[in-house]
2 protein chains.
Amino acid sequence: MTTIRKVAELAGVSTATVSRTLAHPDQVRKETRDLVLDAIRTVGFVPNRQAVDFRRRSTKNVVLLVRDITNPFYLEIYRGIEELAFANGYRVLMGDARGDNERVLRYVDMVRNRQADGLILMMGWLPAELTDANMPTTVVALEMLADYNFPAVAVDNRKGARIAVEHLLALGHRRIAYVGGPARLQMSTDRYQGYVDALVAAGIAPDADLTLPGDFHLAAGRAAVRHLHERQIDYTAIFLSNDEMAVGAVNELRSLGRRVPDDVSVIGFDDVDFALSSDPPLTSVRQPRLEVGRRAMQMMVDLLSGKKLTTRLYEADVELVVRSSTAPVSTKKA
Amino acid sequence: MTTIRKVAELAGVSTATVSRTLAHPDQVRKETRDLVLDAIRTVGFVPNRQAVDFRRRSTKNVVLLVRDITNPFYLEIYRGIEELAFANGYRVLMGDARGDNERVLRYVDMVRNRQADGLILMMGWLPAELTDANMPTTVVALEMLADYNFPAVAVDNRKGARIAVEHLLALGHRRIAYVGGPARLQMSTDRYQGYVDALVAAGIAPDADLTLPGDFHLAAGRAAVRHLHERQIDYTAIFLSNDEMAVGAVNELRSLGRRVPDDVSVIGFDDVDFALSSDPPLTSVRQPRLEVGRRAMQMMVDLLSGKKLTTRLYEADVELVVRSSTAPVSTKKA
DNA sequence: CTGTTAGCGCGTTCAT
DNA sequence: ATGAACGCGCTAACAG
């Protein structure tokens, strides 16, 4: 292990000068600076980051704590976060909450104990013992923590649902069914609101018969379609609040002998990978996940560098991706 | 910030005793130990891990460097790695290689510079300047690095392909097409070998007409089916070396008016999430991904704790998951 | 068993 | 512009 002392010795200067040459080059005369840099090169000196960070009381670590690390939806967000962390010299520690209080506490403690400088949260709850006051520097992405006052990167779920339904309305659909998400999630409420917004704006009263519960799982999509079928409820389009349920709906419709999109238009939400590979490729609402990750990390960097945040809430835009699971209602009669 | 000194003061002992109470409780008389623990509790002392690690010259960090962080196949591996890291007091730093030498080098340097104790690799190449000699403690998972001598956790791809084809043979299929993976990957070769193994064991000579190239993407599956169709090559089953291509094949078969599995049996590899949700649910070869992650991290822990590795190569077993995309060849005539 | 002493490798005053 | 000296918070000999 080659230390700063050896470099100093070889260059014939003090360790302080070596340190300065690295941290504040402008405070060192060019002549001696070159001397030091030469010595560094010949000795192959590389500062011990552990010592540097210890001295500086910074870690350049950020903990990324997610509800469920296996959620494929997070993948691009991971990339966005890692990308900006890398660019800013930060490291990302990955934490998987798994609905386990103890795990969450241990990861939060990591940053409390100065093992990391900040915490990026992608989950919608926190153990009760964690209060706004005793939490470290935190940024929330994707979800909302109502009881806390964290800066956040969110997605305009309400708008997403609205433009999805507007798309169906523009295609001439009037009887549009809706399948929701887990009731406790803010995003479920938001998406439902967007659905209602669009209908109301089109002068259509939301019909309770067409509003079905869901839990974001495949089976819920199937169940919803079956339910509508058994009750002989008439509809020409169905909007499911995530893609997995939409795929379930398509499968069930097919097995009931109804064609998509000829008989029923189907639209999902999230635009996950398999939305493209499903048959037919699914029309869906795309969230800029890469962007969400980048923004969250950028917020963290700003926060940690003492910069004032321009906004404590960044709301990412959404867009409709039209594929082949939606079609004009008229084709049904063709 | 409450330090070890305050605790010592309050407990009326030396800082060394406080340190010992935490690190080697058995070396401290129960009486004084309780005294110290009391003091710790009342002061709310929590050791500064940065200082501890600095002093001990350990970081308890492991860098996880993957070829492409957005690959959904890795998800469960992430979980397995995080799980054992968490259980052993390690932290996982996530690194995304993205085919970029500079990124790889920076992550490797992290462990060289004592920012991390070890490196877990999930990629099949390394920049040329990285040699076996100048690499830190490393474990490879899933892929193989032929030019290096790292301990590794692998998957028995050859066997996986073999049992897939044996399944088809048992269903009475004789004309079984095969779609390969990227040629430069070891796993592509292995899976092809398994396909051949099964055929040969059944006394069937591999037919070049039935062996098609692929790249693990959806379109390759479609293309393969179209190719066979256009050339009017006869086959009753098709084995694709990953699930994404298998889904593409199913889609194309459907649009050609051929039913799955009634007319053609389709089987994939990997058993990714959407294999279950595709229509029909896909028969596939499952790799124990959670297990792969766990093993890799366990190897790392063993390595770092100076334990002798029992095996430098752990080969995980695979299993066939039979769903509805495969059926006896006879039903075709039904 | 416990206290004293001496650093780990570096950044940063405060002199000069 | 540079050097001497100190200390970050903790652990690890070495005595006692």
Side-chain angles (χ1 to χ4, degrees), chain A residues 1-40 43-61 89 109-117 305, chain B residues 1-40 43-61 89 109-117 305:
Chain A
M1 165 126 300
T2 149
T3 90
I4 203 175
R5 246 177 291 272
K6 275 213 188 68
V7 178
E9 208 175 317
L10 184 65
V13 298
S14 75
T15 61
T17 300
V18 178
S19 176
R20 271 194 286 259
T21 306
L22 261 25
H24 316 284
D26 47 305
Q27 291 178 21
V28 178
R29 190 166 36 135
K30 184 173 181 346
E31 238 176 88
T32 48
R33 206 194 317 165
D34 290 345
L35 219 60
V36 172
L37 292 175
D38 254 17
I40 288 180
V43 184
F45 169 72
V46 124
N48 179 329
R49 275 294 293 253
Q50 239 182 325
V52 173
D53 287 346
F54 172 51
R55 179 57 234 247
R56 290 206 176 125
R57 307 174 127 55
S58 97
T59 67
K60 287 286 187 178
N61 284 155
D109 275 341
M110 273 194 190
V111 14
R112 285 200 192 135
N113 302 349
R114 316 207 107 291
Q115 300 179 58
D117 302 334
S305 63
Chain B
M1 169 126 296
T2 149
T3 90
I4 202 174
R5 244 178 291 271
K6 275 213 188 68
V7 177
E9 207 175 316
L10 184 65
V13 299
S14 76
T15 62
T17 300
V18 178
S19 175
R20 270 193 289 258
T21 306
L22 261 25
H24 316 285
D26 46 305
Q27 291 179 23
V28 178
R29 189 168 34 137
K30 183 173 181 344
E31 236 176 274
T32 48
R33 205 194 318 164
D34 291 343
L35 218 59
V36 172
L37 292 175
D38 254 16
I40 288 180
V43 185
F45 169 72
V46 93
N48 178 331
R49 275 294 293 253
Q50 238 182 326
V52 174
D53 287 346
F54 172 51
R55 179 60 234 246
R56 291 202 176 129
R57 307 173 125 53
S58 94
T59 69
K60 288 287 187 175
N61 284 156
D109 275 340
M110 273 193 191
V111 14
R112 286 198 190 136
N113 303 348
R114 315 207 108 291
Q115 300 178 58
D117 301 335
S305 64

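Computation of the quantities below employed the complete heavy-atom set of this structure, encompassing side-chain atoms and omitting hydrogens, waters and symmetry-equivalent molecules. Lettering of chains follows the sequences in order, A, B, ..., and the numbering in each one begins at 1.
Rounded to whole angstrom, the span from the CD atom of A/Gln50 across to the P atom of D/dC8 amounts to 18 Å. One can place CG of A/Leu35 at 14 Å from C1' of D/dA1, the figure rounded to the nearest angstrom. If you measure from atom CG of B/Asn48 to atom P of D/dG9, you get 7 Å, rounded to the nearest angstrom. In this structure, the CG atom of A/Asp53 is 22 Å from the P atom of D/dG7, given to the nearest Å. Nucleotide D/dG9 holds its P atom 9 Å from the NZ atom of B/Lys6, rounded to whole Å. Atom CD1 of A/Ile4 and atom P of D/dG3 are 12 Å apart (whole Å). In this entry the distance linking CZ of A/Arg5 with C1' of D/dA5 reads 12 Å, nearest Å.
The nearest pair of heavy atoms linking A/Thr3 to A/Phe45 is C-CE1, 3.5 Å.
With 3.5 Å as the limit, one finds a donor-acceptor pair spanning the side chains of B/Thr59 and B/Asp117.
One distance of note links CZ of A/Arg114 with CZ of A/Phe54; it measures 11.0 Å at 0.5 Å rounding. To the nearest 0.5 Å, atoms OG1 (A/Thr32) and CG (A/Leu37) are separated by 9.5 Å. Note: A/Leu10 CG to A/Leu35 CG = 8.5 Å, rounded to the nearest 0.5 Å. Atom CZ of residue A/Arg49 and atom CZ of residue A/Arg56 lie 8.0 Å apart, to the nearest 0.5 angstrom.
In the 5' to 3' direction, nucleotides of DNA chain C lying under 4.0 Å from heavy atoms of chain B begin and end at C/dC1 to C/dG9.
A/Val18 comes within 4.0 angstrom of no nucleic acid atom, judged by non-hydrogen atoms across all strands. Among the protein residues, A/Ser19 comes within range of the nucleic acid bases, having at least one heavy atom under 4.0 Å from a base atom.
Using a 4.5 Å heavy-atom threshold, the side chains of A/Asp38 and A/Asp34 count as separate.
Toward the 5′ end of DNA chain C lies the nearest nucleotide of B/Arg33, the other residue of the pair B/Arg33 and B/Arg57 mapping further downstream. Residues B/Phe54 and B/Thr15 both approach DNA chain C. Their nearest nucleotides, taken by heavy-atom distance, put B/Thr15 toward the 5′ side.
Scored by the side chain to side chain contact (heavy atoms under 4.5 Å, CB included) test, B/Val111 finds B/Val63, B/Ala116, B/Leu119, B/Pro136 as partners (sequence neighbours excluded). Partners of B/Asn48 under the side chain to side chain donor-acceptor pair (under 3.5 Å) rule, at least two apart in sequence or in another chain, do not exist in this structure.
Panel note: side chain A/Gln50, backbone B/Ser58; a donor-acceptor pair is recorded below 3.5 Å.
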Can you give the donor-acceptor pairs under 3.5 Å from side chains of residues 17-29 of chain A to other protein atoms, not counting sequence neighbours?
residue	atom	partner	partner atom	Å
A/Thr17	OG1	A/Ser14	OG	3.4
A/Thr21	OG1	A/Thr17	O	2.6

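Comparing the end axes of the helix from C/dC1-D/dG16 to C/dT16-D/dA1, each fitted to five base pairs by superposing C1' atoms of four pairs onto the next four, gives an inter-axis angle of 30° (nearest 10 degrees).
Contacts between residues 20-31 of chain A and DNA chain C, defined by a heavy-atom separation below 4.0 Å, involve A/Arg20, A/His24, listed by number.
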